[in-house]
J.: 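Let me give you the structure first, and then I'll get to my questions.
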Amino acid sequence: MAKKIIFLLSSIFSILLFSYDKDYILERVEKNLSVKNVIYRASMKIEDDENTRDMELLLYIKDEKNVYVEVISSSDGNRSRFLKKDNSMWLYLTSAGRSVLIKGHMLKEGFMGSSLSYEDISENRRLRDVYDINVIEDEKYYILEMKAKVEDAPYKFKKSYIRKDIFLPYKEEIYSSSNRLLKEFYIEDYEKIKDVYFPKKVVMKDLLQKKNITTVEYKEINLKDKLSDNYFTKTYLER
Amino acid sequence: MIFWIKLAFKNIFRNKQRTFLTLLPIIFGVTLLIVMFSLLDGLNRDSIDNLINYESATLKIVSKNFSIYDKKIDINRVGFLVPDEITEFLKNSKMVESFTPEIIFTGNLSDGINRLPVIVKGIDFSSFKKTFKTLEKTYPKIDDFENGEILIGNDVLKYLEINYDSTFIIQSRTSGGTFDAFDVKLLGVISTGNPNIDRATTYVDIDQARNFLHIGRKVSNISIKLKKETSLYDFMKSFEKVLSKYPDLKLVTWEDFAVEIKAIDSAKRYSSSILIFVFLLIGGVGIANTILLSIYERYKEIGTMRAMGAPNNVILKMFLFEGATIGFLGSFIGMVLGGLISLYLYKIGLDFSSVIKDIDIGYPIKNIFRGSFDIISILKSGLFGTFVGIIASFYPARRAIKENIIRILK
């Protein structure tokens, strides 16, 4: 009997100690997903059945409302620049020598032709504000099942597989309302810098096509104390 | 008159080879004129038929935000609820043959291997069938159209690797902007000959489109087919009173949709006219040259006639009739040739499908170009050739009467 009681108590204790409640998990994930004051140098590869495009990117991220991306070089000669300032997004077209505001249907287009839409980048809301989230757990991951609860949610239904060790996603699956898998995102590797985990390699697959893969590899990650506001201005974009 | 014609025939056939060579550019010019305008008339007619039968109907009720030039179809901007009063009016109007609601949005059609951008139209099978001819052009023939099924343009199919009865995925955004998709089973293929339909359009059930977009009872437009004998403007006038109560709605007619067709048609007519004018100018110069040579050859003859008291207008008339006869002969042969070719174009047409492929030629036609056969136009072209002959022979004939008689007879 005593053994049974000890076993029961130790089970309750271990649940209390090692298992987290839904809000705690979401809080950690949302916190870890937001990176601040970082400069990346990355390469992006966009592959489909007919073409492969490579580009080198320079990214300045002050917070989720201040993002600047510049294409340093690309196999198709594209040297666009992109600025996200508050809730507005601007694309500077070097060929045209002017910047355009990304709005309406343009938000649904792929960022620099990739599987990632401008809308994916512009999303500032907390996951809990957009989705009804159910958390389930397996050996390796917390699986967040997210169902859109607002009319303008980016996706109808998605699943995020959160690594238990670092509270960051390993994989995200986008489903249709009829439960068909449409897109997959993998974050294959993370690098820890000053106690913050940064993704090293992200792979995005559009499953509506046989081969449509976007791979982003972060080659240099510089974590700064503070990034100057000058990078996040239209003047800098159009320089 | 008969005398002058007989004389002209006699004179122009004094030198058969020269006359034959003079006739050639006139024959060619008139044939080209008839064929070119037959083809342009036919293209114009078939384009408008294709537009009305498969795209615009006779007219549409749309939101005031709708623009025919807007390529991105935003249901939030152009969607509207159809007022009951308008539905009742259309049902009771004696001028209306049928009307049907449409929901139009853009999306991607995928077979899991390829993804193609398409226009998705949500339709109500029975009323759509009465208003448009699209559903008469399906393979296999279909009697009904249900939720979960899709009809696609035959040119869309060639980019996809699927069999009949396969399942497709349509991916788009809901009215709220959410990325979503739905599965549909291929019911059939549509082949209308209208590239706008065959190359990029798919049809699903209207309720499926509504459910996917989350737009309730909203529609993109109401397409209206008027009875044959009804004038578009009579209907618009009768509808004006009802429509004026709904300032957010407006009417667009097939003529509004045909603006581009008309612009391309007039540009092509203009450029063809220049080409034909050049040919007829060459023909006219040829006639002038032939008459001039004929005058030089018959200098003594003309001098004798004038010395014997033939008035100037007789000499003038003689050469003008010669020019007119060459013009008429060339035009007549051109009319016969052009008429025969036009008849062929009208009855059988030219199949350009292998040449056009996916090229946008501006007309909503992609396979067979048919001409028109209009006797009046053919006769007009013939008269034009004769007129060119008269004008071209005027200058040389004037020279014949201006020359000094004594110098001619020396």
Side-chain angles (χ1 to χ4, degrees), chain A residues 46-51 87 102-111 113-123 125 130-132 146-158 172-185 204-214, chain B residues 65 67 70-79 104-120 147-150 156 159-162 166-185 202 204 208-216 218:
Chain A
I46 303 163
E47 298 167 87
D48 62 27
D49 262 349
E50 289 163 7
N51 294 308
N87 290 321
I102 302 170
K103 58 178 182 177
H105 68 269
M106 284 176 75
L107 287 167
K108 325 289 185 202
E109 311 280 331
F111 170 71
S114 69
S115 309
L116 196 72
S117 71
Y118 288 102
E119 199 177 40
D120 290 330
I121 300 165
S122 68
E123 186 59 61
R125 294 172 291 183
V130 181
Y131 300 100
D132 278 328
M146 296 179 255
K147 273 189 183 166
K149 67 177 180 185
V150 291
E151 271 286 294
D152 59 346
Y155 299 106
K156 208 77 186 170
F157 178 55
K158 65 177 184 173
E172 197 155 90
E173 294 171 339
I174 310 294
Y175 290 86
S176 70
S177 44
S178 57
N179 226 20
R180 180 182 280 277
L181 185 57
L182 303 173
K183 278 188 191 181
E184 277 180 340
F185 296 77
M204 291 160 266
K205 286 184 187 169
D206 182 344
L207 301 173
L208 292 179
Q209 269 180 292
K210 191 178 175 186
K211 188 183 177 191
N212 187 326
I213 303 167
T214 303
Chain B
N65 297 324
S67 162
D70 195 358
K71 300 290 176 204
K72 290 281 173 187
I73 307 153
D74 182 358
I75 193 75
N76 288 324
R77 234 168 59 79
V78 301
I104 307 174
F105 60 100
T106 53
N108 290 300
L109 181 72
S110 168
D111 57 355
I113 298 169
N114 299 296
R115 189 181 59 172
L116 291 173
V118 289
I119 292 168
V120 186
N147 210 322
E149 292 176 328
I150 188 170
V156 177
Y159 295 105
L160 302 164
E161 296 168 31
I162 54 137
S166 299
T167 299
F168 281 108
I169 306 146
I170 289 185
Q171 176 268 309
S172 185
R173 302 268 175 174
T174 64
S175 58
T178 304
F179 184 94
D180 200 3
F182 60 99
D183 292 4
V184 273
K185 204 170 82 174
T202 62
V204 298
Q208 182 149 34
R210 279 187 176 129
N211 290 341
F212 174 77
L213 293 169
H214 300 293
I215 53 167
K218 276 186 182 175

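Within every chain, numbering begins at 1; the chains are lettered A, B, ... in the order of the sequence lines, protein sequences first and strands thereafter. Computed over heavy atoms, backbone and side chain alike; hydrogens, waters and symmetry mates excluded. Model, not experiment: these values are computed from the prediction.
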J.: Given heavy-atom pairs under 4.5 angstrom as the criterion, report whether the side chain, backbone, both or neither of B:N114 touches chain A.
T.: both
J.: Taking every heavy-atom pair that is under 4.5 Å apart, which of A:I174, A:V150, A:D206 has the most such pairs with chain B?
T.: A:D206
J.: Which atoms of A:L207 come close to chain B, meaning under 4.5 Å heavy atom to heavy atom: side chain ones, backbone ones, both, or neither?
T.: backbone
J.: Just verifying a value: how many Å separate A:R180 CZ and B:D180 CG, rounded to the nearest 0.5 Å?
T.: 12.0 Å
J.: B:T106 versus chain A, heavy atoms under 4.5 Å apart: side chain, backbone, both or neither?
T.: neither
J.: With a 6.0 Å cut-off (strictly less than), is the heavy-atom count around NZ of A:K158, excluding the residue itself, greater than 12?
T.: yes
J.: Using heavy-atom distances under 4.5 Å, tell me whether A:N212 contacts chain B through its side chain, its backbone, both, or neither.
T.: side chain
J.: Write down the atom of A:E151, the atom of B:T178, and the distance for their closest heavy-atom approach.
T.: O-OG1, 3.0 Å
J.: At their closest point, which heavy atom of A:P154 faces which heavy atom of B:R173, and how far apart are they?
T.: O-NH1, 4.0 Å
J.: Excluding sequence neighbours, so at least two apart, what forms ring-ring contact (aromatic ring centres under 6.0 Å, His included) with B:F182?
T.: B:F212
J.: How close do A:S178 and B:A181 get, heavy atom to heavy atom, and via which atoms?
T.: OG-O, 4.0 Å
